[in-house]
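Beneath this line is the structure, given in structure tokens, with notes to follow.
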Amino acid sequence: MNKNSSNTMALAPNTSNKRETVCIFGTGDFGRALGHKLIQSGYPVVFGSRSTQTSSLIPKDAEVLSHAEAAQKAAIIIVAIQRQHYNFLTPLAEILRGKVLVDISNNLKINQYPESNAEYLAQLVPGAKVVKAFNTVSAWALQSGTLDASRQVFVCGDDMEAKQMVMGIVRALGLTPLDQGSLLAAQEIENYPLQLFPMWKFPILLSLGLIAFFFFYCLIRDVIYPYVYENKDYSFFIAISITNRICPILALILLALVYLPGVLAAIIQLYRGTKYRRFPDWLDKWMLCRKQLGLVALAFASLHVLYTLVNPIRSFVRWRISSQTVSQALNNKTEPLDTTNAWLSDSYLALGILGFFLFVLLGITSLPSVSNNVNWREFRFVQSKLGYLSLVLCTAHTLVYGGKWFLSPSSYRWYLPSAYMLSLIIPCTVLVIKFVLIFPCLDRPLTRIRQGWERNPQYSE
Ligand code: NAP
């Protein structure tokens with residue numbers, strides 16, 4: 001077959017309904033899964049393989065030919081082969097001239113090679129139009145049809161026409177192509193599947209650090225102290241009491257940490273008198289993971305709710321209530337209802353319920369399916385106004401819980417205040433700064449700065 005004529009024919013716009021043949025190099029897991037999907041979508045598929053023997057795993061409507069023969073049958077060739085074997089393409093360079101070569105490969109480590117696999121492919125076959133695509137889609141998801149979580153296909157390449165052809169195939173498979181620009185973007189796209197929860201690292205590590213700190217803090221105060229001074233064994237507190245103390249503490253601190261970078265950013269902007277200077281790196285990174293911090297906080301708040309619900313069936317709680325009743329019966333004396341305590345206890349519960357309700361609302365609105373359906377103002381209203389209200393309610397819930405013991409010397413053990421007192425430090429700081437920032441003398445210049453006004457224009461870059 002005439003090579004040039006095959007290229008020209010295949011790259012010409014397709015006016016009939018018939019789809020153009022797609023060639024796949026490699027009959028491995030990904031090649032076969034993509035082949036199945038392409039055939040289902042109406043594309044004739046031809047495989048280029050080292051062995052032309054077909055097997056039961058290969059889609060039965062597909063042809064299996066040598067690499068050179070298969071390449072001549074299509075204008076688009078998807079290279080479903082690991083990068084380290086790419087040198088087999090060098091002798092095929094002439095046949096591949098003018099063809100669209102789709103690089104779908106991934107590496108085992110971030111930035112494993114100096115150049116991206118797609119750029120390496122372009123160097124090996126300089127006459128081909130290399131496009132990077134499909135590397136974030138797994139063979140398993142393609143084959144099983146469970147593509148809901150990974151419908152997006154990142155595409156990049158230097159040749160616009162070639163990129164459009166590949167994006168056409170992506171669409172025909174029911175996926176969404178996202179144009180990432182030139183082939184220079186390939187390295188970043190190749191790093192996507194290797195990232196391990198990048199935005200979750202800080203919230204999770206911070207939570208683990210806080211859990212460790214508060215666990216030992218509560219262990220010292222609630223288990224070791226009574227054992228040393230009263231010879232009482234409260235080690236069973238570890239299972240529920242201490243855990244149910246740590247969960248709300250973490251929920252409150254992490255929720256406050258969602259709003260702390262916002263107030264710090266406001267202070268920095270007020271101080272600099274401009275919004276056109278970059279925040280420090282650590283603050284930028286902190287701002288980017290606020291959603292994840294909030295979701296981890298919500299998880300701890302939900303655990304607190306569950307742990308609290310089981311309180312009445314705990315053996316220790318039932319023993320305490322029955323011994324109080326028995327002691328009243330033995331003394332033939334009924335303790336009158338303390339209405340102040342009843343008010344405090346009901347207010348504390350009501351504040352907790354309302355705070356948690358708003359917390360859940362914040363979590364729901366942060367889901368992409370919900371946030372995509374509200375406009376920017378609505379999103380800001382929920383995340384900022386209702387978020388602060390939730391922080392106020394949760395802080396008040398903690399304050400009312402322990403307010404009466406706040407200054408009581410008996411609540412200090414080995415000079416250590418209750419853990420809930422520590423948990424109030426960051427939320428109260430955030431709320432006080434936010435309250436101060438609302439004053440018109442600060443709010444007005446801050447609003448102007450955020451609208452683009454500059455106090456000292458020489459600061460702007
Ligand atoms: P695989 O199962 O190991 O298949 C690779 C295929 O490459 C083999 O079946 C073989 O096909 C061919 N091959 C092996 N050694 C060769 C050599 N020396 N010269 C020429 N061809 C050779 O790998 P895979 O999972 O299909 O992955 C293929 C590519 O897709 C990789 O770059 C991978 O990073 C990428 N990818 C895979 C997935 C996934 O879920 N598997 C997801 C995204 C991207 P023949 O025997 O037919 O020649």
Side-chain angles (χ1 to χ4, degrees), residues 22-39 45-60 62-71 73-74 76-93 95-96 101-113 115-122 124-125 128 130-157 166 169-170 173 175-178 180 183 185-196:
V22 176
C23 168
I24 300 173
F25 277 179
T27 55
D29 292 339
F30 197 87
R32 292 195 311 268
L34 190 63
H36 267 295
K37 194 84 185 152
L38 284 165
I39 290 171
V45 170
V46 53
F47 281 99
S49 173
R50 290 167 303 169
S51 150
T52 52
Q53 273 179 350
T54 172
S55 88
S56 59
L57 292 172
I58 296 172
K60 66 174 171 25
E63 264 186 288
V64 185
L65 304 171
S66 69
H67 293 119
E69 285 170 326
K73 293 216 167 195
I76 297 188
I77 295 148
I78 297 170
V79 186
I81 291 168
Q82 315 282 353
R83 169 189 168 132
Q84 61 268 32
H85 304 310
Y86 277 5
N87 43 11
F88 85 95
L89 291 163
T90 319
L92 300 173
I95 298 170
L96 298 175
L101 273 190
V102 185
D103 179 278
I104 60 158
S105 62
N106 284 318
N107 294 320
L108 296 176
K109 278 191 275 175
I110 288 187
N111 296 334
Q112 189 173 350
Y113 300 100
E115 76 290 271
S116 67
N117 298 349
E119 286 166 308
Y120 173 62
L121 183 60
L124 283 179
V125 194
V130 175
V131 175
K132 180 92 205 170
F134 289 114
N135 68 310
T136 52
V137 180
S138 81
W140 179 82
L142 267 180
Q143 195 130 28
S144 60
T146 49
L147 279 161
D148 280 354
S150 52
R151 268 187 192 280
Q152 294 179 338
V153 175
F154 301 99
V155 183
C156 74
V166 176
I169 294 182
V170 172
L173 298 185
L175 305 172
T176 313
L178 288 181
Q180 300 290 290
L183 213 58
Q187 187 120 32
E188 201 181 326
I189 299 178
E190 284 168 16
N191 286 339
Y192 288 158
L194 297 171
Q195 285 168 350
L196 186 68

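One-based numbering, in listed order, for ligands and for the atoms of each.
- Regarding atom 25 (O) of ligand 1, its nearest protein heavy-atom neighbour is D29 CB, 3.8 Å.
- The protein heavy-atom contact nearest to atom 48 (O) of ligand 1 is R50 NE, 2.9 Å.
- For the salt bridge (charged side-chain N to carboxylate O under 4.0 Å, His left out) test with E190, the passing option among R83, K109, K132 is K132; the others fail.
- The nearest heavy-atom contact from the protein to atom 35 (C) of ligand 1 is I104 O, 3.5 Å.
- Checked by atom type and distance alone, the side chain of R32 never pairs as donor or acceptor with a backbone atom of I58 at under 3.5 Å.
- If you check which protein heavy atom lies closest to atom 38 (C) of ligand 1, you get F30 CD1, 3.3 Å.
- Residues forming a ring pair (Phe, Tyr, Trp, His ring centres under 6.0 Å) with H36 (at least two apart in sequence, or on another chain): none.
- Among all non-hydrogen protein atoms, the one lying nearest atom 7 (O) of ligand 1 is I81 CG1, 3.4 Å.
- Within ligand 1, the atoms closer than 4.0 Å to a non-hydrogen atom of S105 are 32 (O), 34 (O), 35 (C), numbered from 1 in the order shown.
- For the pair N135 (side chain) and I189 (backbone), a donor-acceptor distance under 3.5 Å is present.
- Every atom of ligand 1 with a heavy atom of V137 under 4.0 Å away is listed here by number and element: 42 (C), 43 (C).
- The nearest heavy-atom contact from the protein to atom 31 (C) of ligand 1 is Q82 OE1, 3.5 Å.
- When all heavy atoms are compared, the tightest approach of A122 to V130 is CA-CG2, 3.7 Å.
- Atoms of ligand 1 found under 4.0 Å from any heavy atom of G26, numbered from 1 in the order shown, are 11 (O), 47 (O).
- From I81, atom CD1 reaches atom CD1 of I104 across 9.0 Å, with rounding to the nearest 0.5 Å.
- In terms of protein heavy-atom proximity, atom 5 (C) of ligand 1 is closest to A80 O, 3.8 Å.
- Taking all heavy atoms of Q53, H85, Q84 into account, the minimum distance to atom 19 (N) of ligand 1 is reached by H85.
- The neighbour count for Q53 CD, taken as heavy atoms of other residues, nucleotides or ligands under 6.0 Å away, does not exceed 12.
- L108 CG: 12 or fewer foreign heavy atoms inside a 6.0 Å radius.
- Residues that satisfy the side-chain hydrogen bond (donor to acceptor under 3.5 Å, both in side chains) test with Q180, not counting sequence neighbours, are absent from this structure.
- Residue, atom and distance of the protein heavy atom nearest to atom 4 (O) of ligand 1 are G28 CA, 3.3 Å.
- In terms of polar-atom proximity, defined here as any N/O pair under 3.5 Å, S49 does make such a contact with ligand 1.
- Looking at ligand 1, you won't find any N or O of H67 less than 3.5 Å from one of its N or O atoms.
- Within the model, atoms CG of N106 and CZ of F30 stand 8.5 Å from one another, a figure rounded to the nearest 0.5 Å.
- For a threshold of 3.5 Å applied to N or O pairs, the pair formed by R83 and ligand 1 contains no separation below that value.
- Ring centroids of F154 and Y192 are separated by less than 6.0 Å, placing the two rings close together.
- By the criterion of a heavy-atom distance under 4.0 Å, both the backbone and the side chain of T27 are placed next to ligand 1.
- Shown in contact with A139 at under 4.0 Å from a heavy atom are these atoms of ligand 1, numbered in order with element: 39 (C), 40 (O), 41 (N).
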